[in-house]
Amino acid sequence: MDVKTAAALRRLRIISIAEAISFLALLLLGTVLSRVSSINLVMPLGMIHGVLFIAYLVLLADVWNKAKWPMSRVWLFLLWSVLPTGGFFGDRMIRREESAGLIAARARKEGVVNA
């Protein structure tokens, strides 16, 4: 895995977690507080989540381009982006892919694998 691909994956991981947290905050804090009190956080939390969601889509397209992901994986990440805790699953999958890439890079560097 080259440096640009690893950086793109890392950025997608970070935005995936941020987007998942903002979605949960919007659902839990925004809707619950607006129902039980006079505090209305739906608009600011919705705007934050919307910006993070758009950034997520842009970074997902960047990873798709750099990592040459199959379309099925991109659709899986798009599905996870609309589920409240889906971003955490995406983070976990990317972390596994990064660690596998690092292991393979070390093996190539040490001459264990000729790839």
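Atoms considered below: every heavy atom in the structure, side chains included; atoms not considered: hydrogens, waters and symmetry mates.
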Side chain to side chain contact (heavy atoms under 4.5 Å, CB included) evaluation trace for Tyr56 with Leu12: CA-CA 7 Å; Tyr56 178 85; Leu12 183 62; 3.9 Å; yes

Using the rule given for side chain to side chain contact (heavy atoms under 4.5 Å, CB included), can you reason through Phe88 versus Ile21, listing the C-alpha separation, both sets of side-chain angles and the distance that settles it, and then say yes or no? CA-CA 9 Å; Phe88 300 116; Ile21 290 171; 4.0 Å; yes

Going through the distances and angles, do Trp80 and Met93 end up as a side chain to side chain contact (heavy atoms under 4.5 Å, CB included)? CA-CA 11 Å; Trp80 281 339; Met93 185 177 200; 3.8 Å; yes

Run Asp62 and Leu60 through side chain to side chain contact (heavy atoms under 4.5 Å, CB included) and show every step you take. CA-CA 5 Å; Asp62 184 42; Leu60 180 60; over 6 Å; no

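Between Arg35 and Val32, every side-chain heavy-atom pair lies at or beyond the 4.5 Å cut-off.
Shortest non-hydrogen contact noted between Gly30 and Val42 is O-CG2, 3.4 Å. The minimum heavy-atom distance linking Phe53 with Ser81 is given by the pair CE1-OG, 3.5 Å. Counting all heavy atoms, side chain and backbone alike, Leu26 lies closest to Gly46 at CD1-N, 3.6 Å. Among all heavy-atom pairs drawn from Leu52 and Ala18, the shortest one is CD1-O, 3.7 Å. The minimum heavy-atom distance linking Gly87 with Ser16 is given by the pair O-OG, 2.7 Å.
Between atom CG of residue Leu57 and atom CD1 of residue Ile15 there is a gap of 10.0 Å, rounded to the nearest 0.5 Å. Once rounded to the nearest 0.5 Å, the distance linking CG of Leu41 with CD1 of Ile48 reads 9.5 Å. Taken from CG in Asp91 to CG in Leu9, the straight-line distance is 11.5 Å, to the nearest 0.5 Å. To the nearest 0.5 Å, atom CZ of residue Arg13 and atom CG of residue Leu59 are 13.5 Å apart. For the atom pair CG of Asn65 and NZ of Lys4, the computed distance is 11.0 Å after rounding to the nearest 0.5 Å. Once rounded to the nearest 0.5 Å, the distance linking CG of Leu29 with OG of Ser34 reads 10.5 Å.
Hydrophobic clustering (ILVMFWY, side-chain heavy atoms < 4.5 Å, transitive): Val51 and Val58 are in distinct clusters. In the hydrophobic clustering of ILVMFWY residues, with side-chain heavy atoms under 4.5 Å counting as a link, Phe89 and Val63 come out together. Note on Ile94: it clusters hydrophobically with Trp75, by side-chain heavy-atom contacts below 4.5 Å among ILVMFWY residues.
Remark: Arg96 CZ is packed, more than 12 non-hydrogen atoms of other residues, nucleotides or ligands lying under 6.0 Å away. Within a 6.0 Å sphere centred on CE of Met43, other residues, nucleotides and ligands contribute 12 heavy atoms or fewer.
Using cut-offs of 30° and 60° for the angle between ring planes, the Phe23 and His49 rings count as parallel.
Within the 6.0 Å centre-distance limit, the rings of Trp69 and Phe77 are counted as a close aromatic pair.
Using a 4.0 Å cut-off between charged side-chain N and carboxylate O, Arg92 and Glu97 make no salt bridge.
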